[in-house]
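Quick caveat, the model's predicted, so the values are computed rather than measured. This chain uses plain numbering: 1 for the first residue, then up along the sequence.
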Amino acid sequence: VVAGRRPVSRSLAALGATQARVTRAYARAYRDRAPVAPDRLQPDAREALRAEGRRLVAVLLAYLDASRQEDRERWEGEALALIGVAGRRLADAGADVPEVVAIYLRARQPLLDELAAIGKRRALDTIKLAGLYERAVGILDRLLLQLVESHSAALATDEGRSRPWT
């Protein structure tokens with residue numbers, strides 16, 4: 001009977017990675033070392049960036065929880081749109097590409113840390129944890145590419161150029 005049981009797939013929230021918990025992890029990460037570029041944003045744009053960041057956390061958790069490909073595609077599309085807006089906002093704030101990449105790399109760490117903590121707290125099967133981490137890194141990598149592209153496109157538009165990388 002035991003050998004025939006299938007492991008039950010539980011949501012990240014059920015494992016402890018709720019949106020509120022991950023959002024708190026981000027708040028702790030930014031408390032002492034806030035990124036420079038968002039500080040150059042106008043207050044309303046800064047608040048919008050924060051709200052979009054909180055939404056992005058929720059979308060990423062939904063993406064990682066999704067069991068159907070069409071659901072993952074929908075959540076990924078929303079995540080890409082949100083990160084595109086962030087790229088344009090950071091371009092408006094005068095951030096250059098190295099600064100944008102540094103902000104992003106630092107911003108993704110609380111999510112990865114929380115996923116690692118789930119594995120420690122809940123003693124997840126290493127194969128499941130590795131798969132979860134692989135999916136997370138995959139979408140985070142795609143988001144980084146979108147962030148750089150949207151940031152560069154916004155800068156190119158502002159400078160009157162038609163190609164973002166020239």
Nearest 0.5 Å, please: how far is CD in Q69 from CD in E73? 4.5 Å
Under a 4.5 Å cut-off applied to non-hydrogen side-chain atoms, are I83 and L144 in contact? no
Using the test side-chain contact (heavy atoms from CB on, under 4.5 Å), find all partners of A58 that sit at least two apart in sequence or belong to another chain. Q19, R55
Partners of R89 by side-chain hydrogen bond (donor to acceptor under 3.5 Å, both in side chains), sequence neighbours excluded? E52
Across all chains, not counting sequence neighbours, the side-chain hydrogen bond (donor to acceptor under 3.5 Å, both in side chains) partners of E70 are R68
Under a 3.5 Å distance rule, please check whether S150 uses its side chain to pair with a backbone N or O of L147 as donor and acceptor. yes
Starting at CD1 of I118, measure out to CG of L129 and round the result to the nearest 0.5 Å. 8.0 Å
Under the side-chain hydrogen bond (donor to acceptor under 3.5 Å, both in side chains) rule, collect the residues that match up with Y104, sequence neighbours excluded. none
Before giving the answer on salt bridge (Lys or Arg N to Asp or Glu O under 4.0 Å), spell out for E134 and K128 the whole-Å C-alpha distance, their side-chain angles and the decisive distance to 0.1 Å. CA-CA 10 Å; E134 182 180 345; K128 286 186 179 189; over 6 Å; no
Spacing of CG belonging to L60 relative to CD belonging to E78, to within rounding of 0.5 Å: 10.0 Å
Sorted by chain and number, sequence neighbours left out, side-chain contact (heavy atoms from CB on, under 4.5 Å) with R142 holds for Y63, E76, I139
If you look only at distance, which donor and acceptor atoms sit under 3.5 Å apart when one is on a side chain in residues 91-98 and the other is two or more places apart or in another chain?
{"unit_1": "D96", "atom_1": "OD1", "unit_2": "E99", "atom_2": "N", "d": "2.9"}

Would you say R88's side chain and G84's backbone share a donor-acceptor pair under 3.5 angstrom? yes
Check P110 against A107 and note the closest heavy-atom contact, atom names and distance. CD-O, 3.2 Å
Working to the nearest 0.5 Å, report the span between CG of L111 and CZ of R108. 9.5 Å
Not counting sequence neighbours, which residues clear side-chain hydrogen bond (donor to acceptor under 3.5 Å, both in side chains) with R135? List them please. none
Applying side-chain contact (heavy atoms from CB on, under 4.5 Å), can you list everything that pairs with A66, at least two apart in sequence or on another chain? D71, R72, W75
I'd like to check L112 versus Q109 (side-chain heavy atoms, cut-off strictly below 4.5 Å). Are they in contact? yes
Check salt bridge (Lys or Arg N to Asp or Glu O under 4.0 Å) between D113 and all other residues, then give those that pass, not counting sequence neighbours. none
Say whether V85 and V100 are linked into one hydrophobic cluster, either directly or through other cluster members, by side-chain heavy-atom distances under 4.5 angstrom. no
From L61 atom CG to L115 atom CG, the distance as rounded to the nearest 0.5 Å: 7.5 Å
